[in-house]
A.B. asks: 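Mind looking over this structure? Questions follow.
All values below come from the heavy atoms of this structure, side chains included, with hydrogens, waters and symmetry mates left out. Remember, predicted model here, so these are calculated numbers, not experimental data. One-based numbering, in listed order, for ligands and for the atoms of each.
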Amino acid sequence: MKVLTVVGARPQFVKAAPVSQALEYGHEEVLVHTGQHYDERLSEVFFDELSVRRPDHDLDVGSGPHGEQIGRMTAGVGECVREEEPDVVLVYGDTNSTLAGAIAAAQSPAALAHVEAGLRSGDRGMPEEVNRVLTDHASDLLFAPTRPAVDNLAAEGLAERAHDVGDVMYDALLRARNRALDRSTVLEDFGVAPGEYVLATVHRAANTDDPGRLSNVLEGLSRSPRPVVLPIHPRTRGRIEEHGLEDAVGDAVRLVEPVGYLDFVRLVDGAERVATDSGGVQKEAFLLATPCVTFRDRTEWVNTVECGWNELTGADADAIAAALDGRTNRPDRPDLFGDGEAAPKVVEALAAAV
Ligand code: UD1
Ligand code: UDP
């Protein structure tokens, strides 16, 4: 089987790593990097740390308005598909790179497979939700990471294409966790002690493009009783400057550059609390038993909220401050994301289908 994998943004390098490794046994993989993320700290570092296959095609598309970015990525992936003639095009998650890969594959003889299918937040105002829905409906094989995702696919008439395999990010995390705990010195580097800091990230368009929401999130974090480490996405750094919000970052908040995956896993594992609007980070917090506060009105990872490990605050400064000040609830953790062996199941199902 020949698989053409499309990646382009930070979380996709993490998701593709275990699947690429599983494909090494008896299959051919071609990796296309769209170039949606290009900063060393958002791209190169993941290839180094996770031994992700190096890109065979680097499209170098970069940033830009959605339509333009998706258009250029679709054209580039389309050319690669024509040249490589894969059996399957494999896309991950919900970014513009995912949708571009899906459009290019749907117009080709190759089968299209979507890893992380079936997630729905119900918020069509988020570009990620639109990307998910369109990609799922264009795909031939849908790999759902959770039970609610399988149910969502069934509710949209896609049950026959769905495979309940678990979450490939869990595979990646299990492989990295011990290395991160053994090797990372990030806690010492940032001068924080285990269990005594909050790890925060914020980058989603809904929170960063709206100055009111961004200012509320920064204010809520600044009222934390514990130090907050905030590895800052370049989008957010840009918006803080553009909206003149430098003063909204209080003394409790330490802005640092984005960190590599191993340091990030160490930071999630050691935090008293995670506070984020990221999709992947909500999951990683749950899997590493760190309670999570999510600055969103809705989440696609509904089951982390239902079991009490994730609290939605929206972009409400008082709600964020109260959540960070509250007592930490640590209920039992059910198995929400499979058994950490999703990647071999994906490869097995692909090989059986083509
Ligand atoms: C994208 C995804 C989002 C995902 C996130 C992961 C879409 C619509 N959004 O958001 O779902 O959660 O990646 O991190 O696909 N920039 C840089 N350097 C880079 C990349 C981006 O400085 O290497 C800056 C540019 O100013 C750019 C802005 O960040 O305009 C936004 O980048 P973009 O790729 O459009 O979206 P993200 O916010 O990164
Ligand atoms: N991540 C990282 N360094 C950081 C921030 C995040 O390695 O400074 C990793 C994190 O462990 C997770 C992924 O990036 O695996 C999540 O990416 P992001 O939050 O950018 O995107 P989302 O999941 O929201 O699409």
A.B. asks: Does the N or O separation between Gly279 and ligand 2 drop below 3.5 Å for any pair?
C.D. replies: yes
A.B. asks: Provide the number and element of each atom of ligand 2 under 4.0 Å from a heavy atom of Gly260.
C.D. replies: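 Within the 4.0 Å cut-off of Gly260, ligand 2 contributes 7 (O).
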A.B. asks: Tell me, do Trp309 and Thr290 make a side-chain contact under 4.5 Å, heavy atoms counted?
C.D. replies: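 Sidechains of Thr290 and Trp309: no contact.
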A.B. asks: Heavy atoms only: give me the nearest Ile320-Leu221 pair and the separation to one decimal.
C.D. replies: CG2-N, 4.0 Å
A.B. asks: Other than Tyr25, which residues form its hydrophobic cluster under the rule that side-chain heavy atoms must be closer than 4.5 Å?
C.D. replies: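 Hydrophobic cluster check, Tyr25: no partners found.
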A.B. asks: Could you walk me through whether Val265 and Leu173 pass side chain to side chain contact (heavy atoms under 4.5 Å, CB included), step by step?
C.D. replies: CA-CA 8 Å; Val265 168; Leu173 191 60; 3.8 Å; yes
A.B. asks: Might you point out which heavy atoms bring Ala110 and Pro86 nearest each other, and give the distance in Å?
C.D. replies: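 Closest heavy-atom pair between Ala110 and Pro86: CB-O, 3.5 Å.
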A.B. asks: Between Arg296 and Glu300, is the salt bridge (charged side-chain N to carboxylate O under 4.0 Å, His left out) condition met? List the steps.
C.D. replies: CA-CA 10 Å; Arg296 292 219 215 143; Glu300 61 280 14; 2.7 Å; yes
A.B. asks: With atoms numbered from 1 as shown, which atoms in ligand 1 lie under 4.0 angstrom from a non-hydrogen atom of Pro234?
C.D. replies: 16 (N), 17 (C), 18 (N), 22 (O)
A.B. asks: Relative to atom 14 (O) of ligand 1, which among Met126, Arg204, Arg237, His37 owns the nearest non-hydrogen atom?
C.D. replies: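 Minimum heavy-atom distance to atom 14 (O) of ligand 1 goes to His37.
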A.B. asks: Examine Glu284 against ligand 2 and note whether any of their N/O atoms are separated by less than 3.5 Å.
C.D. replies: yes
A.B. asks: Any idea which atoms of ligand 1 are less than 4.0 Å away from a heavy-atom of Ser63?
C.D. replies: 21 (C), 25 (C), 27 (C), 30 (O)
A.B. asks: For residues 243-256, which side-chain donor-acceptor pairs fall under 3.5 Å, sequence neighbours excluded?
C.D. replies:
unit_1: His243; atom_1: NE2; unit_2: Thr208; atom_2: O; d: 3.1
unit_1: Arg254; atom_1: NH1; unit_2: Phe190; atom_2: O; d: 2.8

A.B. asks: Who's the nearest protein heavy-atom neighbour of atom 3 (N) of ligand 2, and how far?
C.D. replies: Val259 O, 2.7 Å
A.B. asks: Going by the order shown, which atoms of ligand 2 are within less than 4.0 Å of some heavy atom of Pro258?
C.D. replies: 8 (O)
A.B. asks: Between the side chains of Asp140 and Arg161, is the shortest nitrogen-to-carboxylate-oxygen separation below 4.0 Å, so that they form an ion pair?
C.D. replies: no
A.B. asks: Quick check with a 6.0 Å cut-off and a 45 degree axis cone: is Arg54 positioned over the face of Phe47's six-membered ring?
C.D. replies: no
A.B. asks: So which bit of His203 gets within less than 4.0 Å of ligand 2, heavy atoms only: side chain, backbone, both or neither?
C.D. replies: side chain
A.B. asks: Between Arg237 and Glu257, is there a side-chain N and carboxylate O pair less than 4.0 Å apart?
C.D. replies: yes
A.B. asks: What is the nearest protein non-hydrogen atom to atom 23 (O) of ligand 2, stated with its residue, atom name and distance?
C.D. replies: Gly280 N, 2.8 Å
A.B. asks: Applying the side chain to side chain contact (heavy atoms under 4.5 Å, CB included) test to Thr95, which of Arg132, Arg10, Gln69, Gln36 qualifies?
C.D. replies: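 Only one option passes, and that is Gln36.
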A.B. asks: Looking only at protein heavy atoms, which one is nearest to atom 38 (O) of ligand 1, and how far off is it?
C.D. replies: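 Minimum-distance protein heavy atom for atom 38 (O) of ligand 1 reads Arg235 NH1, 2.8 Å.
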A.B. asks: Any N or O on His233 sitting closer than 3.5 Å to an N or O of ligand 1?
C.D. replies: yes
A.B. asks: Would Asp335 and Arg147 satisfy salt bridge (charged side-chain N to carboxylate O under 4.0 Å, His left out), going step by step from the backbone distance to the final call?
C.D. replies: CA-CA 10 Å; Asp335 287 335; Arg147 217 36 247 178; over 6 Å; no
A.B. asks: Under 4.0 Å from a heavy atom of Pro231: which atoms of ligand 2 are those, numbered in the order shown and with their elements?
C.D. replies: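 So the answer, numbered in order with elements, is 8 (O).
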A.B. asks: Below 6.0 angstrom between ring centroids: does that apply to His163 and His114?
C.D. replies: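 No, the ring of His163 stays outside the 6.0 Å limit from the ring of His114, centre to centre.
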A.B. asks: Could you tell me whether ligand 2 has any atom less than 4.0 Å away from a heavy atom of Arg204?
C.D. replies: yes
A.B. asks: At under 4.0 Å between heavy atoms, is it the side chain or the backbone of Tyr261 that contacts ligand 2, or both, or neither?
C.D. replies: both
A.B. asks: Below 4.0 angstrom from a heavy atom of Val14, which ligand 2 atoms are there? Numbered from 1 as shown, please.
C.D. replies: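 Here the atoms of ligand 2 in question are 15 (O).
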A.B. asks: If the cut-off is 4.0 Å to any non-hydrogen atom of Phe46, which atoms of ligand 2 fall inside it?
C.D. replies: 2 (C), 7 (O)
A.B. asks: So is Arg10 polar-close to ligand 2, meaning N/O to N/O under 3.5 Å?
C.D. replies: yes
A.B. asks: For atom 18 (N) of ligand 1, what's the nearest protein heavy atom and its distance?
C.D. replies: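 Ranking protein heavy atoms by distance from atom 18 (N) of ligand 1, first comes Asp39 OD2, 3.1 Å.
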A.B. asks: Apply the test side-chain hydrogen bond (donor to acceptor under 3.5 Å, both in side chains) to residues Glu84 and His57: give CA-CA distance (whole Å), side-chain angles for both, the deciding distance (0.1 Å), then the verdict.
C.D. replies: CA-CA 10 Å; Glu84 297 286 353; His57 300 267; 2.7 Å; yes
A.B. asks: Could you point out which residue of Val61, Thr34, Asp60 forms a side chain to side chain contact (heavy atoms under 4.5 Å, CB included) with Arg72?
C.D. replies: Val61
A.B. asks: Can you tell me if Met169 has a non-hydrogen atom under 4.0 Å from ligand 2?
C.D. replies: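 Contact present.
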A.B. asks: Report the part of Gln36 in contact with ligand 1, treating N, CA, C, O as backbone and CB onward as side chain, heavy atoms under 4.0 Å; options are side chain, backbone, both, neither.
C.D. replies: both
A.B. asks: Just to confirm my output: which protein heavy-atom neighbour is closest to atom 19 (O) of ligand 2, and how far is it?
C.D. replies: Ser278 OG, 2.7 Å
A.B. asks: Would you say atom 29 (O) of ligand 1 touches the protein, meaning some protein heavy atom is under 4.0 Å from it?
C.D. replies: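 Given the 4.0 Å limit, the answer for atom 29 (O) of ligand 1 is yes, a protein heavy atom qualifies.
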A.B. asks: Evaluating non-hydrogen atoms only, which member of Glu128, Glu129, Gln69, His203 is closest to atom 35 (O) of ligand 1?
C.D. replies: Gln69
A.B. asks: Are the aromatic ring centres of His33 and Phe13 under 6.0 angstrom apart?
C.D. replies: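 Under 6.0 Å, so yes.
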A.B. asks: Specify side chain, backbone, both or neither for Pro11, according to which of its non-hydrogen atoms lie closer than 4.0 Å to ligand 1.
C.D. replies: side chain
A.B. asks: Write out the residue and atom name of the closest protein heavy atom to atom 17 (C) of ligand 1, then the distance separating them to 0.1 Å.
C.D. replies: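 It is Tyr38 OH, 3.3 Å.
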A.B. asks: Could you check atom 21 (O) of ligand 2 against the protein and tell me its nearest heavy-atom contact, residue, atom and distance included?
C.D. replies: Pro11 CG, 3.5 Å
